[in-house]
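Please read the structure below before turning to the comments.
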Amino acid sequence: MIGGDLTEKSLKLHLEGLAGVDAVGLEQRAAALGTRSIKTTSKAWALDTIIELIDLTTLEGADTPGKIRSLVAKAVNPDPSDATTPRVAAVCVYGDMVPHAVSALGGAWSGGTGSGINVAAVATAFPSGRASLAVKIADTSEAVASGADEIDMVIDRGAFLAGNFGLVFDQIVAVKEACRRSDGSFAHLKVILETGELNTYDNVRRASWLAILAGGDFIKTSTGKVSPAATLPVTLLMLEVVRDWHRLTGERIGVKPAGGIRTSKDAIKYLVTVAETVGEEWLSPHLFRFGASSLLNDVLLQRQKMTTGRYSGPDYVTMD
C-alpha cells in the first residue's frame, strides 16, 4: 500500500483485510489503563500538560464575535489568579469566526509558526459532512485564507459505511490540498471519523488507516455532536493504529479525542493511555489534543486545590 497506486480495489483489499479487533481485549486494556494512579508531583505535571493539549472549543450556531473574544481571553490567560498557568494549544471555532479569533489573539497567535496559540477551524460541512466536494474545498480554502492554522474536517460517514473507501480517500486528499497556504506550506489537517456513527471497532480501525493513508496529520474521534463521542477504548484503538503506522514508516501522526471529556480525572486516563501505547513523546500539542470546552474549568479548579489545599467554587473560573 505504502507508495503504491491507491485504487478503490487496493484500498478495499487492504482495509477489509485488516485483522479484526478483539473487542473484549481492547476494552479490558483500556479499563486497566484507566485505573492507574499518579502521585502529587506527577499530578501537578499532568494538570499542566492537559491544559497545554486542549483545543478550547466553541461550535454553536449562536457563536458571536464577542463570544470568540471571551474564548480567546480564556485561552491566553486561563487563570488570571495564577500567572504560572500554561496556555492552551488552540482555539477551535467555525470557519467564519476565524478572523475574529486571529484578531483577538494578536501577538499570541501562532500564525503557522508552531509557536503560540493556533486557530483551528472546523470545515467540510461540519458536523454532518453532507456537502459536495466543491463546497468542502471552498469551506476549507476560505478558513485557511482567513488564518486557520489547523482544519478539522469530517469524513463522509455514509460513503464509508457503504464501502466507498475510494471516495472518502479522494475527498481527504482534496481537502488536504485545500489546506495549502499561498507560501506553499500547509495548515495541519485533522480528520474527524465520528466514531459514534461507525458502529464497530473494526470500522474505526479501517477509517483510521484510511485517514492516515490519505494524508491526515491527525485522526480525531468525534465532532462532539454525536453520542457516544470520545471513549477510552476507541482512542486506544486509534493510538494503536498510529503506533503501527510509525513502526512502518517512521512518520508520527497525531490523535485527538473530542467530546465528553469533562474532568481532569478522565483526561489523566487518556494521558496514561497515550504514554503506554505510543510513548511520552506523543504528549505534545503536535501529536495529541483534547477537543473540549468544559474540561479546562475542572483542571483549573484542581490546580487551585493543589495550590491552596481547598476546592474553589465554580465562580472562581470563567464559565463557558
**Asked** Angle class for the Trp245/Trp209 ring planes (parallel below 30°, perpendicular above 60°, tilted otherwise)?
**Response** perpendicular
**Message:** Assess whether a salt bridge exists between Lys190 and Glu150, defined as any Lys/Arg side-chain N lying under 4.0 Å from an Asp/Glu carboxylate O.
**Reply:** yes
**Message:** Could you go through Val88 and Leu296, starting from their C-alpha distance and side-chain angles, then the distance that decides it, and tell me whether this counts as side-chain contact (heavy atoms from CB on, under 4.5 Å)?
**Reply:** CA-CA 9 Å; Val88 304; Leu296 180 56; 4.1 Å; yes
**Item:** Nearest heavy atoms of Leu198 and Ala207, plus distance in Å
**Value:** CD1-CB, 3.8 Å
**Asked** What distance do Ile151 atom CD1 and Phe218 atom CZ have between them, rounded to the nearest 0.5 Å?
**Response** 14.0 Å
**Request:** Take Glu52 and Leu283 through the test side-chain contact (heavy atoms from CB on, under 4.5 Å) and record every step on the way to the result.
**Result:** CA-CA 9 Å; Glu52 293 171 342; Leu283 294 176; over 6 Å; no
**Request:** For residues Leu287 and Val255, determine if any side-chain heavy atom of one lies less than 4.5 Å from a side-chain heavy atom of the other.
**Result:** no
**Item:** Non-hydrogen atoms of Cys92 and Val122 that approach each other most closely
**Value:** SG-CG1, 3.9 Å
**Prompt:** Between Ile137 and Asp139, does a side-chain contact (heavy atoms from CB on, under 4.5 Å) hold up when you go through it step by step?
**Reply:** CA-CA 5 Å; Ile137 290 173; Asp139 195 19; over 6 Å; no
**Asked** Is the shortest side-chain N to carboxylate O distance from Arg36 to Glu276 below 4.0 Å?
**Response** yes
**Prompt:** Are more than 12 heavy atoms from other residues, nucleotides or ligands located less than 6.0 Å from atom CD of Glu280?
**Reply:** no
**Request:** Count the heavy atoms belonging to other residues, nucleotides or ligands that lie under 6.0 Å from CZ of Arg262, then report whether that count exceeds 12.
**Result:** no
**Prompt:** If you count the non-hydrogen atoms of other residues, nucleotides and ligands that lie under 6.0 Å from NZ in Lys225, is the total more than 12?
**Reply:** yes
**Request:** State, yes or no, whether a side-chain contact exists between Leu53 and Leu271 at a heavy-atom distance under 4.5 Å.
**Result:** yes
**Asked** Side chains of Asp298 and Thr263: do they bring a donor and an acceptor to under 3.5 Å?
**Response** no
**Message:** With heavy-atom distances below 4.5 Å as the criterion, would you say the side chains of Cys179 and Thr140 are in contact?
**Reply:** yes
**Request:** Can you spot which of Leu56, Thr85, Asn297 makes a side-chain contact (heavy atoms from CB on, under 4.5 Å) with Pro78?
**Result:** Thr85
**Asked** When you look at Thr221 and Val204, which way does the side-chain contact (heavy atoms from CB on, under 4.5 Å) test go after all the steps?
**Response** CA-CA 9 Å; Thr221 62; Val204 172; over 6 Å; no
**Prompt:** Backbone N or O of Glu142 within a donor-acceptor pair of the Ser146 side chain at under 3.5 Å?
**Reply:** yes
**Item:** Side chain Thr249, main chain His246, donor-acceptor under 3.5 Å
**Value:** no
**Message:** Tell me if a side-chain donor or acceptor on Arg289 pairs with a main-chain N or O of Pro285 at a distance below 3.5 Å.
**Reply:** yes
**Item:** Under 3.5 Å donor-acceptor, Lys12 side chain and Gly163 backbone
**Value:** yes
**Request:** Determine, for Lys256 against Asp55, whether the closest basic-nitrogen to carboxylate-oxygen distance falls under 4.0 angstrom.
**Result:** yes
**Message:** I want to check something: taking the side chain as every heavy atom from C-beta on, are Ile50 and Phe290 in contact at a cut-off of under 4.5 Å?
**Reply:** yes
**Charged N-O contact under 4.0 Å between Glu194 and Lys220** = no
**Asked** Counting only N and O atoms by type, is there a donor-acceptor contact under 3.5 Å from the side chain of Arg247 to the main-chain atoms of Val242?
**Response** no
**Asked** When you measure from the side chain of Asp156 to the backbone N and O of Gly129, does any donor-acceptor pair fall under 3.5 Å?
**Response** no
**Asked** Do Tyr201 and Glu27 touch side chain to side chain, with heavy atoms closer than 4.5 Å?
**Response** yes
**Request:** State which residue, out of Asp79, Thr49, Ile51, fulfils the side-chain contact (heavy atoms from CB on, under 4.5 Å) condition with Pro86.
**Result:** Ile51
**Residue pair Val191 / Leu189, side-chain heavy-atom distance below 4.5 Å** = yes
**Request:** Identify the residue among Thr235, Val278, Leu26 that makes a side-chain contact (heavy atoms from CB on, under 4.5 Å) with Glu240.
**Result:** Leu26
**Fill in**
Nearest heavy-atom approach of Ser264 to Val299 is CB-CG2, 3.9 Å
**Message:** I'd like to know if the side chain of Ser208 and the backbone of Met238 have a donor-acceptor N/O pair within less than 3.5 Å.
**Reply:** no
**Request:** For the pair Thr57 (side chain) and Gly291 (backbone), establish whether a donor and an acceptor sit closer than 3.5 Å, ignoring hydrogens and angles.
**Result:** no
**Message:** Assess whether a salt bridge exists between Asp202 and Arg205, defined as any Lys/Arg side-chain N lying under 4.0 Å from an Asp/Glu carboxylate O.
**Reply:** no
**Message:** Any heavy-atom pair between the side chains of Gln171 and Ile155 that's under 4.5 Å?
**Reply:** no
**Prompt:** Do Ser110 and Ile117 touch side chain to side chain, with heavy atoms closer than 4.5 Å?
**Reply:** no
**Message:** Between Trp109 and Asp149, is there a side-chain donor-acceptor contact under 3.5 Å, judged purely by atom types and distance?
**Reply:** yes
**Message:** Donor-acceptor check, side chain of Arg157 to backbone of Ser128, threshold 3.5 angstrom: yes or no?
**Reply:** yes
**Request:** Kindly compute the distance separating CD1 (Ile172) from CG (Leu210), expressed to the nearest 0.5 Å.
**Result:** 5.0 Å
**More than 12 heavy atoms of other groups within 6.0 Å of His188 NE2** = no
**Complete:** When every non-hydrogen atom of Ala229 is compared with those of Gly259, the smallest separation belongs to CB-O, 3.4 Å
**Complete:** d(Glu251 CD, Asp217 CG) to nearest 0.5 Å is 8.0 Å
**Prompt:** Looking at CZ of Phe169 and OG of Ser10, how far apart are the two atoms once the value is rounded to the nearest 0.5 Å?
**Reply:** 8.0 Å
**Asked** Could you give the distance from CD1 (Ile268) to CH2 (Trp45), rounded to the nearest 0.5 Å?
**Response** 9.5 Å
**Asked** Is there a donor-acceptor pair under 3.5 Å between the side chain of Ser141 and the backbone N or O of Ala138?
**Response** no
**Item:** Short N-O contact, Lys67 and Glu60, less than 4.0 angstrom
**Value:** no
